Protein chains: 2
Amino acid sequence: MAAETRTGTGPRDRFRAQVRQEVKTAALRQLAEGGPEALSLNAIAKQLGMTGPALYRYFANRDSLLTDLVIDAYGDLASALSRTAEACTEDAVTRLTELGRAYRAWALAEPHRYRLLFRAPLQGYDAQSASLVEASQPAMTVLLDAVSALAEPDARVPEGAAAQFREWQERHGFEGVPEAVAARSTMLWAHLHGMVALEIEGNFTSMGIDPSFLYEAEVTDFVRSL
Amino acid sequence: MAAETRTGTGPRDRFRAQVRQEVKTAALRQLAEGGPEALSLNAIAKQLGMTGPALYRYFANRDSLLTDLVIDAYGDLASALSRTAEACTEDAVTRLTELGRAYRAWALAEPHRYRLLFRAPLQGYDAQSASLVEASQPAMTVLLDAVSALAEPDARVPEGAAAQFREWQERHGFEGVPEAVAARSTMLWAHLHGMVALEIEGNFTSMGIDPSFLYEAEVTDFVRSL
DNA sequence: TGTGATAGTTAGAGACTATCACGGTCGCAA
DNA sequence: TTGCGACCGTGATAGTCTCTAACTATCACA
């Protein structure tokens, strides 16, 4: 399969990597303009000055390109979050607050990529989904760390749920964290996602409301609840 | 335009209405199986025993059919919620709690329709979007009522935001409700949506976690915060 | 300098949305 | 009852898309 990513070092491999990158860039532009349905391999190829079928030398198919974009996006989100966490040298409360803001900021800056991440990550439940779940972990790690600095580790979690969280943590190497912290982190994620998802889909715009202060309230409420 | 919905009463109009309904039913089945991308007018027509172009007598185009489905779905959600609210004769706390559960239950029962509602309701910002926003109001009304029975009406809301909520309420006839209640209701909606959206996209499944207890915690936390 | 892997092309199958012109049919009014 | 007009459904067609196959040109490297 010529469409696989073999990481060689010859000039041909470097050329290959560059074209792949150009394809992805063009794809992101298309995504930003017309949504994921508008992503057309044909159009991308034309933009890069080649014919449609040439792209299949670089990506096995449309889904494969999308998967690549998703993985990149997870990486970007994670590094944006961890940069924020590291830059914030103050107390744990402001660090978590800043993290919440950074989450929204990233989503608003690149709504099409955010949508790509959390809209239907597992459309095909096959092999790829495993790598997608894998790719989503670093971002979760940042959240977990920030929450665990604040949450009381002994809050009670129903036994069944606790076991599920323990297993999940073991599977992904979050083993130092109490289940209560994992549960609270997941709820924080859900809170942030709820606001952000409604916002980027235009629900607040259509209400004529600027959700900034709602989001702020959301974050501070959560931090206070820990 | 033959594709418009003229509401006459002759036999021809009744036939027309029935075919439109059959088309929508087939569309929902397709949607449930393969997601919104899989919705194919061609396939629907074949299922109903006609050729593709015949469908254009009933719906102007693919988007028009989808818009119809969205409006129907809003109606269904609203009536599911209001049925729950009316059936619950107990105190305001359990009524709001039941409402939260009903919201999730509807979304889990028909994830494809829930997705249709909150995924990209305003893809084209033109005339249709107004009717979509209109269609989403009844469900919001139920939430507002249930929250206003509990929330303290004098909680402070930043002045700018308060003005926005006042305008929004005026536009849609929610005028009896204090702005603080509107703000809290919106946050409740965001909470519910956050959990539900993550759940129906399979994020908890891929974590191996049953989010039921998280959702319960979500709802009770919110009710307690009022 | 020759050879094999790779990049890109054209042609084409099989989907799809959507438009058009045509013929059949049904309802309704004269 | 009859005739007309509105409406339904069809086949043909344009234009889009993904993806495959066969072929050619080119480039790296031994």
Side-chain angles (χ1 to χ4, degrees), chain A residues 1-24 26-27 29-31 33-69 123-124 126 128, chain B residues 1-24 26-27 29-31 33-69 123-124 126 128:
Chain A
M1 286 292 152
E4 282 169 19
T5 320
R6 302 153 309 96
T7 48
T9 55
R12 216 122 191 194
D13 300 276
R14 269 178 293 135
F15 176 73
R16 193 180 166 69
Q18 189 190 326
V19 173
R20 275 179 68 97
Q21 191 51 54
E22 281 171 17
V23 171
K24 291 202 255 180
R29 194 163 47 230
Q30 275 202 11
L31 220 58
E33 285 165 9
E37 349 253 283
L39 190 144
S40 149
L41 297 192
N42 247 327
I44 292 173
K46 221 162 278 176
Q47 238 172 59
L48 300 190
M50 35 185 185
T51 60
L55 279 202
Y56 289 82
R57 298 279 174 204
Y58 299 94
F59 293 92
N61 51 39
R62 198 174 174 280
D63 269 16
S64 165
L65 169 58
L66 274 174
T67 303
D68 243 59
L69 294 182
Q123 48 220 14
D126 40 346
Q128 293 193 328
Chain B
M1 285 295 149
E4 283 169 20
T5 322
R6 300 153 312 96
T7 48
T9 55
R12 214 121 193 196
D13 300 276
R14 269 178 293 135
F15 175 74
R16 194 180 164 68
Q18 189 191 325
V19 175
R20 275 180 67 97
Q21 191 51 54
E22 282 171 16
V23 171
K24 291 202 256 180
R29 193 165 47 231
Q30 277 202 11
L31 220 57
E33 285 165 9
E37 348 253 285
L39 189 144
S40 148
L41 296 193
N42 248 326
I44 292 174
K46 220 161 277 175
Q47 239 172 57
L48 300 190
M50 32 186 186
T51 59
L55 279 203
Y56 289 82
R57 298 277 176 207
Y58 300 93
F59 292 92
N61 51 40
R62 199 172 173 279
D63 269 16
S64 165
L65 169 57
L66 274 174
T67 303
D68 243 59
L69 294 181
Q123 48 223 15
D126 41 348
Q128 293 193 329

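So you know, we letter chains A, B, ... as the sequences are listed, proteins then strands, and number each from 1. Atoms considered below: every heavy atom in the structure, side chains included; atoms not considered: hydrogens, waters and symmetry mates. This is a predicted model, so every value here is computed, not measured.
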How many whole angstroms separate atom CG of B/Leu65 from atom P of C/dT17?
10 Å
Spacing of B/Met50 atom CE relative to D/dG11 atom P, expressed in whole Å:
13 Å
To the nearest Å, how far apart are A/Phe59 CZ and C/dG8 P?
13 Å
Could you give the distance from CG (A/Leu65) to CZ (A/Arg20), rounded to the nearest 0.5 Å?
8.5 Å
Are the side chains of A/Val23 and A/Leu41 in contact, using a 4.5 Å heavy-atom criterion?
no
B/Leu66 CG to C/dT17 P, straight-line distance once rounded to whole Å
11 Å
Suppose we screen for side chain to side chain contact (heavy atoms under 4.5 Å, CB included). Which residues come up paired with B/Pro36, at least two apart in sequence or across chains?
B/Leu31, B/Arg119
Under the side-chain hydrogen bond (donor to acceptor under 3.5 Å, both in side chains) rule, collect the residues that match up with B/Gln47, sequence neighbours excluded.
B/Arg29
Under 4.0 Å from OP1 or OP2 of D/dT10: is there any side-chain N or O of B/Thr51 that close?
yes
Scoring nucleotides 17-30 of chain D by protein non-hydrogen atoms under 4.0 Å (B base, S sugar-phosphate only, - none) yields SBBB-B---BBSS-
Between B/Arg16 and D/dC8, is there a side-chain N or O to OP1/OP2 distance below 4.0 Å?
yes
Quick one: does A/Glu22's side chain have a donor or acceptor within less than 3.5 Å of a partner on A/Leu48's backbone?
no
For A/Asp13 and C/dA7, give me the distance from atom CG to atom C1', rounded to whole Å.
13 Å
Got a second to check how far A/Gln18's CD is from A/Tyr58's OH, nearest 0.5 Å?
10.0 Å
Just the rounded figure in Å: distance from C1' of D/dC8 to CD of B/Glu22.
14 Å
